[in-house]
Amino acid sequence: MIKVGLMGYGKAGQAVAQVLCDDPRFDLRWIARRTASGAAETMPDSTIPVIGLDQVTLGDWLDAHPVDALIDFSNSDAVMSYGDEVRRRELMLVSAISAYGDNELAFMRSLGADTRVLCSPNMTLGINFLILAAKLLRTIAPFADVEILEQHFRGKPEISGTARKIADSLDIDNDRITSLRLGGIVGHHEVIFGFPYQTLRIIHNSIERKAFGTGAAFALTELAGCSKGFYTFDDLLMRKMRSQLAQA
């Protein structure tokens with residue numbers, strides 16, 4: 001059982017916490033948010049403490065509440081506050097932050113010299129598999145037409161960052177992305193390949209935020225079997241695929 005500390009307790013963090021609690025492979029020991037809510041807080045229906053990083057010294061907290069790994073769903077500058085403890089204690093780190101600047105990303109990469117680090121701006125297993133499959137098909141059939149369709153809830157104003165990442169991974173322009181905003185949709189990404197005489201669509205639908213939790217659980221489980229280093233979700237998926245092919 002992997003002992004885990006969770007950084008971040010917004011909507012995504014709350015969903016991830018629930019997934020970790022329901023998974024017997026993990027022991028969620030505590031949750032940390034930027035600031036304390038006031039009175040002593042625990043995760044609903046549990047004794048798992050929710051702490052404010054403004055009210056503790058992280059090193060002292062980790063001495064008293066040790067973990068094997070951190071999962072980060074907080075914000076881009078948080079790694080600068082906990083990174084040295086990750087390095088010193090050789091904690092595994094799974095980060096789902098999508099907006100690292102150059103300095104933070106370089107610091108994340110440097111942690112890989114001393115421990116195991118996974119960084120992915122989208123932590124859903126399905127999206128990362130979609131990107132990997134689309135990249136493979138793109139190399140097999142570079143002549144195919146490619147379009148990306150993304151659909152989200154009505155209030156989302158900007159083009160999906162995930163859609164932009166898919167376009168970048170396939171080396172196509174963002175003007176090949178079509179966006180729709182409709183009530184009732186959580187998140188939909190679709191890559192459409194147009195061949196002579198046939199089309200192929202790779203589709204991922206997000207149903208609820210717990211998908212982030214199952215992705216983080218997969219990432220942490222795979223990371224536990226890796227040597228020290230900095231990894232992407234692609235790296236872990238390829239590692240898993242090679243293992244499966246070797247057993248076939």
Side-chain angles (χ1 to χ4, degrees), residues 12 73 76 94-102 104-105 108-109 117-219 222-223 229-246 248:
F73 275 83
S76 59
V94 170
S95 171
I97 306 305
S98 60
Y100 280 128
D102 291 341
E104 290 89 355
L105 189 57
M108 288 284 295
R109 290 184 179 278
V117 178
L118 178 285
C119 183
S120 176
N122 190 306
M123 196 53 68
T124 57
L125 183 57
I127 276 292
N128 283 284
F129 187 83
L130 177 150
I131 293 172
L132 185 62
K135 286 166 62 177
L136 176 60
L137 187 55
R138 182 71 163 157
T139 62
I140 294 171
F143 54 84
D145 298 324
V146 184
E147 296 287 334
I148 297 169
L149 172 64
E150 62 98 354
Q151 304 173 24
H152 285 83
F153 53 92
R154 187 180 294 114
K156 183 178 178 66
E158 73 280 0
I159 295 176
S160 158
T162 298
R164 293 180 187 275
K165 180 183 177 183
I166 295 169
D168 184 62
S169 71
L170 300 178
D171 195 26
I172 63 175
D173 294 334
N174 286 341
D175 61 9
R176 308 293 288 275
I177 300 172
T178 298
S179 300
L180 296 178
R181 297 294 175 260
L182 303 164
I185 295 177
V186 176
H188 172 102
H189 292 89
E190 183 173 345
V191 185
I192 308 167
F193 288 85
F195 301 89
Y197 319 117
Q198 61 185 316
T199 59
L200 187 147
R201 297 169 182 257
I202 308 174
I203 299 171
H204 176 264
N205 286 301
S206 294
I207 299 170
E208 59 177 285
R209 291 183 179 88
K210 286 183 179 179
F212 297 130
T214 55
F218 167 83
E222 290 299 308
L223 200 62
F230 178 89
Y231 298 89
T232 65
F233 218 110
D234 271 7
D235 295 328
L236 298 190
L237 286 174
M238 289 300 299
R239 180 178 181 272
K240 189 71 171 181
M241 292 172 67
R242 292 188 190 101
S243 173
Q244 293 298 310
L245 288 171

Could you verify whether a donor N or O on one side chain and an acceptor N or O on the other, from E104 and S76, lie under 3.5 Å apart? no
Separation between CG (N205) and CD1 (I207), nearest 0.5 Å, reads 7.0 Å
F193 and I202 have their tightest heavy-atom pair at CE1-CD1, 4.1 Å
> Less than 4.5 Å apart, any side-chain heavy atom of K135 and any of I131?
Replying inline: yes
Distance col, row I127:CD1 vs S160:OG, nearest 0.5 angstrom, shows 7.5 Å
Can you label the angle between the F233 ring and the F218 ring as parallel, tilted or perpendicular, going by 30° and 60°? parallel
Output for pair (L223 CG, R239 CZ), nearest 0.5 Å, gives 9.0 Å
In the structure I gave you, are the side-chain heavy atoms of M241 and L132 within less than 4.5 Å of one another anywhere? yes
Quiz item: Do F153 and V186 come close enough that some side-chain heavy atom pair is under 4.5 Å?
Solution: no
Heavy atoms of L105 and C119 approach each other most closely as CD1-SG, 4.4 Å
Of all heavy-atom pairs linking I185 and Q151, the shortest is CD1-OE1, 3.3 Å
**Report entry** Salt-bridge criterion met for R164 and E158 (N-O under 4.0 Å)
**Finding:** no
Only residue of H188, H189, R181 satisfying side chain to side chain donor-acceptor pair (under 3.5 Å) with E150 is R181
For D175, does the CG atom sit with more than 12 other heavy atoms under 6.0 Å from it, leaving out its own atoms?
yes
I'd like to know whether CD1 of I140 has more than 12 heavy-atom contacts from other residues, nucleotides or ligands below 6.0 angstrom. yes
Shortest non-hydrogen pair, A219 vs M123, comes out as CB-SD, 4.3 Å
What one should report as the nearest heavy-atom pair of I177 and A163 is CD1-O, 3.7 Å
**Prompt:** Between N122 and T124, does a side-chain hydrogen bond (donor to acceptor under 3.5 Å, both in side chains) hold up when you go through it step by step?
**Reply:** CA-CA 6 Å; N122 190 306; T124 57; 2.5 Å; yes
NZ/NE/NH1/NH2 to OD/OE distance under 4.0 Å, D171 and R138: no
One should read off an interatomic distance between T178 OG1 and I148 CD1, to the nearest 0.5 angstrom, of 9.5 Å
Looking at A167, is its backbone amide N or carbonyl O close enough to the side chain of R176 to form a donor-acceptor pair, meaning the two atoms are under 3.5 Å apart? no
Smallest heavy-atom separation, V146 atom then I172 atom, equals CG1-CD1, 4.0 Å
How far apart are the C-alpha atoms of L180 and L149, what are their side-chain angles, what is the distance that settles it, and do they pass the side-chain contact (heavy atoms from CB on, under 4.5 Å) test? CA-CA 8 Å; L180 296 178; L149 172 64; 4.1 Å; yes
query: Is the count of non-hydrogen atoms from other residues, nucleotides or ligands lying under 6.0 Å from Y100 atom OH greater than 12?
result: yes
*asked:* Is it the case that the side chain of R201 and the backbone of V191 share a donor-acceptor pair, with hydrogens and angles ignored and the cut-off at 3.5 Å?
replied: no
With the side chain counted from C-beta on, respond yes when L118 and F230 share a heavy-atom pair under 4.5 Å apart, and no when they do not. no
L200/F195 under side-chain contact (heavy atoms from CB on, under 4.5 Å): CA gap, chis, key distance, verdict:
CA-CA 8 Å; L200 187 147; F195 301 89; 4.1 Å; yes
Between the CZ atom in R209 and the CZ atom in F73, the distance rounded to the nearest 0.5 Å is 11.5 Å
The side chain to side chain contact (heavy atoms under 4.5 Å, CB included) partner of S120 among D235, N128, V94 is N128
